[in-house]
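See structure below.
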There are 2 protein chains.
Amino acid sequence: MSTPQGARARARIEVTAAIKEEARKQLAAEGAARLSLRAVARELGMVSSALYRYFPSRDDLLTALIIDAYNSLGETAEAADAGAEDIGPARRWVGVCEAVRGWALAHPHEYALIYGSPVPGYSAPEATIPPASRVGLLLIGIVRDAYGRHGVARDRLPAELEPEARRMAVDLAPDLPPEVVTALVAAWAQLYGLVGFELFGQFNNVVVEREAFFRHAAARLAHGVGLVFP
Amino acid sequence: MSTPQGARARARIEVTAAIKEEARKQLAAEGAARLSLRAVARELGMVSSALYRYFPSRDDLLTALIIDAYNSLGETAEAADAGAEDIGPARRWVGVCEAVRGWALAHPHEYALIYGSPVPGYSAPEATIPPASRVGLLLIGIVRDAYGRHGVARDRLPAELEPEARRMAVDLAPDLPPEVVTALVAAWAQLYGLVGFELFGQFNNVVVEREAFFRHAAARLAHGVGLVFP
DNA sequence: CCTCGAGCGAGAGCACTGCTCTCGAAACCG
DNA sequence: CGGTTTCGAGAGCAGTGCTCTCGCTCGAGG
């Protein structure tokens with residue numbers, strides 16, 4: 001599996017990678033909607049129909065880019081948290097949030113591809129689910145660590161949400177209290193609200209010092225899931 | 001201005017409205033990226049070039065739809081809050097949030113148009129700013145009312161954010177304390193994170209009882225800006 | 001070693017898009 | 001009434017995703 005036998009198989013891998021690379025370049029430059037199969041093929045010196053030997057449709061190419069983007073974001077977030085166990089859970093949380101924001105600012109079109117409006121008529125295939133979960137799992141892990149070491153603050157759930165909260169806890173983090181898991185899921189979504197508003201221009205003429213604003217908001221999110229600063 | 005003189009001016013208004021209506025229909029059915037000028041013209045029994053007498057480009061038509069969408073959302077939110085002064089600020093806040101979510105679920109493609117990834121190469125014109133502000137202003141108004149009547153909970157800002165917080169307060173709500181305005185702006189963005197995640201499928205296989213989950217999250221947002229339930 | 005099928009690139013072509021230009025008819029205004 | 005503006009129709013351009021066919025070439029099986 002790691003060593004393709006023939007020259008043909010090797011070429012296929014290389015061409016596939018070259019297509020993705022060129023597509024990613026166009027995505028970064030122009031955005032998903034302006035990504036053109038023909039332009040990618042042109043840039044690679046092939047004819048557009050040849051590209052269909054590698055990706056059955058434009059959507060499949062986009063899906064490959066989506067998976068790569070999720071993994072790139074996940075890797076960035078994980079790298080930011082690596083070896084940071086001793087700075088305390090709240091700081092780790094804020095660090096991961098800042099890594100997500102930083103990645104989004106550096107790759108706006110890729111961020112838009114995965115967290116903006118989904119391409120119309122396009123529904124994410126199964127293969128995107130694990131890469132898409134990486135940041136969420138990382139955040140869960142931070143709270144789990146905190147819960148195990150110093151405990152976390154908790155507040156009560158309304159009765160109507162208790163069954164759902166228990167269900168989410170079983171699915172996502174059976175070792176955490178349901179009210180914490182609920183807060184975690186909400187904070188996860190809210191994080192992307194903050195990033196998206198900054199990225200998509202909703203903060204224009206509203207927030208100027210965005211980094212400081214974001215850091216503070218992320219710290220409040222941490223507080224909301226029960227993490228405390230030492 | 002209210003009574004167009006000639007039959008020509010009247011016809012122009014009617015045709016413009018018909019174009020927008022048909023475009024909105026296609027937008028709702030297929031999404032912004034698949035909205036086609038030619039298809040709109042075809043459906044209206046005109047030829048595509050005729051449509052350019054009314055909208056100089058596809059982007060201009062989209063802009064008109066964006067403004068309408070902002071106004072529709074704003075109207076819905078304002079209607080939900082109308083005459084609700086006596087249920088208390090926290091309940092009013094949650095009510096407005098639920099109205100936003102309800103509108104988004106009812107008009108997913110229009111929501112994606114205004115709060116999803118911006119159309120590539122497209123930057124929002126001045127004319128979209130006032131309609132886009134309606135929900136934000138409504139939320140500010142609720143907190144202002146609460147502040148005037150019973151006061152709001154406040155927590156401290158980090159030093160690095162104080163100048164920015166004061167600046168935002170001057171711009172948005174000079175009568176509110178800067179830390180409340182800061183929390184308000186963050187909550188405003190976070191609200192759209194919650195709605196967007198639900199709408200764009202990020203909650204699939206994660207959150208099931210979405211209405212109850214959202215109500216709870218919105219209540220926590222209210223708490224975050226200092227509103228308390230009676 | 002040779003052969004035959006599978007993989008591959010090129011090219012033509014289809015149906016579609018946004019947009020421009022021109023032309024003739026209709027409506028408006030002095 | 002006459003001149004000007006406004007409008008719809010049509011043709012056309014450059015671009016898109018995608019399909020199909022045609023040869024060439026590579027490589028696995030006999």
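In the text below, chain A, chain B and the rest are named by the order of the sequence lines, each starting its count at 1.
Looking at Arg8(A), its side chain comes within 3.5 Å of the base of dT25(D) through a donor and an acceptor atom.
Atom P of nucleotide dG7(C) and atom CZ of Arg12(A) are separated by 9 Å, given to the nearest angstrom. The distance between atom CG of Leu44(B) and atom P of dA9(D), rounded to the nearest whole Å, is 11 Å. Put simply, CD1 on Ile13(B) is 15 Å from P on dT6(D), counting in whole angstrom units.
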For nucleotides 9-22 of chain C, just jot down a letter per nucleotide in 5' to 3' order: B, S or -, based on protein non-hydrogen atoms under 4.0 Å.
BBB-B---BBBBBB
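The distance from the CG atom of Leu113(A) to the CZ atom of Arg24(A) is 11.0 Å, given to the nearest 0.5 Å. Atom CG of Asp81(A) and atom CZ of Arg92(A) lie 4.0 Å apart (nearest 0.5 Å).
Neither side chain, Asp60(B) nor Thr63(B), offers a donor N or O lying under 3.5 Å from an acceptor on the other.
Classified by interplanar angle (parallel below 30°, tilted 30° to 60°, perpendicular above 60°), the ring pair Trp188(B)/Phe203(A) is tilted.
Checked options Glu22(A), Lys20(A), Arg58(A), Glu21(A); the residue passing with Val40(A) is Glu22(A) (criterion: side-chain contact (heavy atoms from CB on, under 4.5 Å)).
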List, one per line, each side-chain donor-acceptor pair under 3.5 Å for residues 97-104 of chain B, sequence neighbours excluded.
| residue | atom | partner | partner atom | Å |
| --- | --- | --- | --- | --- |
| Glu98(B) | OE2 | Arg215(B) | NH1 | 2.7 |
| Arg101(B) | NE | Glu198(B) | OE1 | 2.9 |
| Arg101(B) | NE | Glu198(B) | OE2 | 3.4 |
| Arg101(B) | NH2 | Glu198(B) | OE2 | 2.9 |
| Trp103(B) | NE1 | Ser72(B) | OG | 2.7 |
| Trp103(B) | NE1 | His107(B) | ND1 | 3.4 |

